[in-house]
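The structure appears below as structure tokens.
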Amino acid sequence: MPYYSDELIEEVRSANDIVDVISGYVRLQKKGSAYFGLCPFHNEKTGSFSVSRNKQMYYCFGCGAGGNVFTFLMQYENYTFPEAMGALAERAGIALPKQEQSAQAKRESDYRGRLLDVNREAGRYYYMLLRSERGVHAMEYFKGRGLTAETMKKFGLGYSDKYSDDLYRYLKAKGYEDGLLKDAGLISIDEKRGGHDKFWNRAMFPIMNVHNKIIGFGGRVMGEGEPKYLNSPETPVFDKSRNLYGLNLARLSRRPQMLLCEGYMDVIALHQAGFDNAVASLGTSFTSGHASLLKRYTKEVYLTFDSDAAGVRAALRAIPILKEAGISARVVTMSPHKDPDEFIKALGAEAYQDRIDHAENSFLFEIRILEQNYNMEDPESRTAFHMEIARKLLGFSEEVERNNYMETIAEKYRIGFENLRRLVGNVSMREGATRRTEALRSGVRKKEPQKEDGVKMSQKLLLTWLSEEPSLYRIVRKYIGPEDFSDPVCRRTAEALFAQLAEGSLQVAQIPARFSDLEEQREVAAIFHASIQGIQTRSEREKALKDTIIKIKQDSIDRRKENHDPDGIQERYRKLMEDKKMLDALRNQALLLPEDAG
């Protein structure tokens, strides 16, 4: 990973005003000292997304997303930090130092760049051909499928000429060599025929990565020919198991879930109908790589596969993969139509939205399909079905979740809750299943979400006040130091903030960069957006500040009392007594705000 000095990072950050940058993505309106808009990270109707020009930070009071200008690009564009640094440096016209790379790494990076260049050139050529006389048949095909000119442009649709060496001759004239064209998956080379195109006489679908770079193509044959659909082979820039068609557009959707389809035309038809959250796998089965990619952008996926037997099998394969990745899945029923494209043409977008609204729970879908394998009129077969349900229910590690499904299934299949509960217990004992709490891949067990305690809230509130009114530091430093903060993130934040205040150089937006973990950066943003309601007068503010200081300091004293380490015990005791005496004095006196405090 490239290394950039703190000074250079700060130069790039300070050259990119966060309000100006985020305004390019979110419509913001000024309200008081902050700017508000609809959060780009979750679906909402009332704007709870706040951007502060003074702090150079953003924070969503709805979903908790927050950070500085680097964090925003990393969350919104899915950039790595070096990618965000590069984008913001380019925006500000700042030249970044060239990073040292090994000769091998540089060769690989340069070659990947050339592969993307040749793909872009091929995409431009296919796009131009579709709109020329030679592309009439493909244009008629797309129009016959109900696509508008705007949709065709949005997806960069094109046409590969009927002559099998047309693209080869075009790209050779542009100066690209045979080896590069072959490695890009665009050209085949053999002794008899020489260079000839992988795609010819096909309607072309450029495949883009999340950064809108063409990495491959899909082609649908015009007229007779096999295969009907052809995809680029895997290349150094194209991995079918780690890319999804349409994700470059769907990741920007404001809808809370992703629609997972089977084909290019399903994705395009859904986007044209207003469902801009549709994606599809690339001529391959859904993989864990696809699920990991989706998890960056959503927690919920709606499977909208074909309604035939192959589509059902594909859904049954995808559901456990999504569950393993921690993604909730539901199944959208297309019946009586084959696929989303056909459904929307027949019934329209409103009917499709209704199917989404009534999508089937993925586990209940699995059980419903499983039932088709059994004769429910035969007692033996029906018993076997119930046994299989019990085995599947054991897949839920949380007892509450398992019981909820048991209640639903017992009622639906008229088993009786107690009967099903006993059956699950018997199967568990027979097959050696054991209940256990779910463990994360790190090996750390999941914790139940806990309500934030009053001490942490007070710590966050004090840091927010100091960031907004630095003059308060003259009072606070007499009583509170970073070591008094019990929460680890608050303590590290306090260390950075107190150091800035002591130097008289407040730069709140620098502080999230001290945390490498994005979740911690979100927490830092939340710390600097704490608020307390109902404080209006100066005396009310003085009392609130005093109460906050006392609460934090008392907690610090209580925690230190529990330290029984014999090392340094005398010095710790002396400091403890000093702090206790100081706190008692504060309780019995007024705390006056500085004249320049707000």
Side-chain angles (χ1 to χ4, degrees), residues 4-42 44 46-96 211 251-252 254 460 463-470 489 492-493 496-497 499-501 505-531 598:
Y4 299 110
S5 68
D6 291 343
E7 292 76 16
L8 181 59
I9 291 171
E10 178 56 19
E11 180 186 357
V12 171
R13 188 201 62 73
S14 60
N16 287 274
D17 180 83
I18 195 166
V19 174
D20 295 340
V21 172
I22 293 181
S23 291
Y25 298 88
V26 179
R27 185 170 175 269
L28 298 174
Q29 289 184 314
K30 198 169 190 297
K31 293 181 182 179
S33 62
Y35 295 78
F36 282 85
L38 295 174
C39 180
F41 304 115
H42 81 287
E44 63 175 4
T46 304
S48 58
F49 183 77
S50 166
V51 186
S52 169
R53 178 162 272 151
N54 293 335
K55 298 176 186 176
Q56 287 294 302
M57 296 180 73
Y58 69 94
Y59 183 71
C60 176
F61 293 94
C63 70
N68 60 17
V69 70
F70 292 113
T71 319
F72 180 82
L73 286 188
M74 291 166 71
Q75 285 189 293
Y76 192 95
E77 297 284 5
N78 199 38
Y79 284 166
T80 61
F81 178 77
E83 288 171 336
M85 183 75 171
L88 291 172
E90 182 178 354
R91 182 180 183 275
I94 297 173
L96 295 179
H211 303 307
R251 71 190 180 92
L252 305 177
R254 300 187 64 82
K460 290 170 65 174
L463 293 172
T464 297
W465 275 344
L466 288 171
S467 71
E468 293 176 349
E469 300 179 55
V489 175
R492 287 176 60 193
T493 302
L497 182 63
Q500 289 182 355
L501 291 167
S505 176
L506 184 61
Q507 296 285 344
V508 176
Q510 291 181 0
I511 296 176
R514 293 171 172 261
F515 298 82
S516 58
D517 184 72
L518 270 179
E519 194 58 42
E520 289 182 335
Q521 291 183 17
R522 287 165 59 112
E523 199 168 337
V524 173
I527 287 170
F528 287 121
H529 286 81
S531 63

Identify whether the distance between the nearest side-chain nitrogen and carboxylate oxygen of D6 and R13 falls below 4.0 Å.
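Salt bridge flag = no for R13 with D6.
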Identify the heavy atoms of [X] and [Y] that sit nearest to each other, and give their distance.
X: G86; Y: L96; result: CA-CD1, 3.8 Å
X: L28; Y: G37; result: CD2-N, 4.0 Å
X: I18; Y: G67; result: CD1-O, 4.3 Å
X: V489; Y: T493; result: O-OG1, 2.7 Å
X: L88; Y: N16; result: O-ND2, 3.1 Å
X: M57; Y: A525; result: CE-CA, 3.5 Å

Do [X] and [Y] come within less than 4.5 Å of each other through their side chains, counting heavy atoms only?
X: L497; Y: L506; answer: yes
X: V69; Y: R91; answer: no
X: C60; Y: F41; answer: no
X: K55; Y: E468; answer: yes
X: I527; Y: Y59; answer: no
X: Y76; Y: I22; answer: no
X: V51; Y: F72; answer: no
X: V524; Y: R492; answer: no

S50 and side chain to side chain contact (heavy atoms under 4.5 Å, CB included): which single residue from F61, Y58, Y35 fits?
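That would be F61; it is the only one of F61, Y58, Y35 passing the side chain to side chain contact (heavy atoms under 4.5 Å, CB included) with S50.
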If you round to the nearest 0.5 Å, how far is [atom2] of [Y] from [atom1] of [X]?
X: I9; Y: S14; atom1: CD1; atom2: OG; result: 12.0 Å
X: H211; Y: R251; atom1: NE2; atom2: CZ; result: 7.0 Å
X: M74; Y: E83; atom1: CE; atom2: CD; result: 9.5 Å
X: F49; Y: L38; atom1: CZ; atom2: CG; result: 10.5 Å

Test F70 against V21 for side chain to side chain contact (heavy atoms under 4.5 Å, CB included), laying out the working first.
CA-CA 10 Å; F70 292 113; V21 172; over 6 Å; no
Given 3.5 Å as the limit, does a donor-acceptor pair link the side chain of [X] with the main chain of [Y], or not?
X: Q500; Y: Q507; value: yes
X: Q56; Y: R53; value: yes
X: K31; Y: F36; value: no

A quick test of your reading: do over 12 heavy atoms of other residues, nucleotides or ligands sit less than 6.0 Å from CZ of R254?
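Buried by this count: over 12 neighbours within 6.0 Å.
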Side chains of E10 and Q510: any donor to acceptor distance under 3.5 Å?
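On atom types as modelled, these side chains qualify, holding a pair under 3.5 Å.
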T71 versus N68, side-chain donor and acceptor atoms under 3.5 Å:
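There is such a pair between these side chains.
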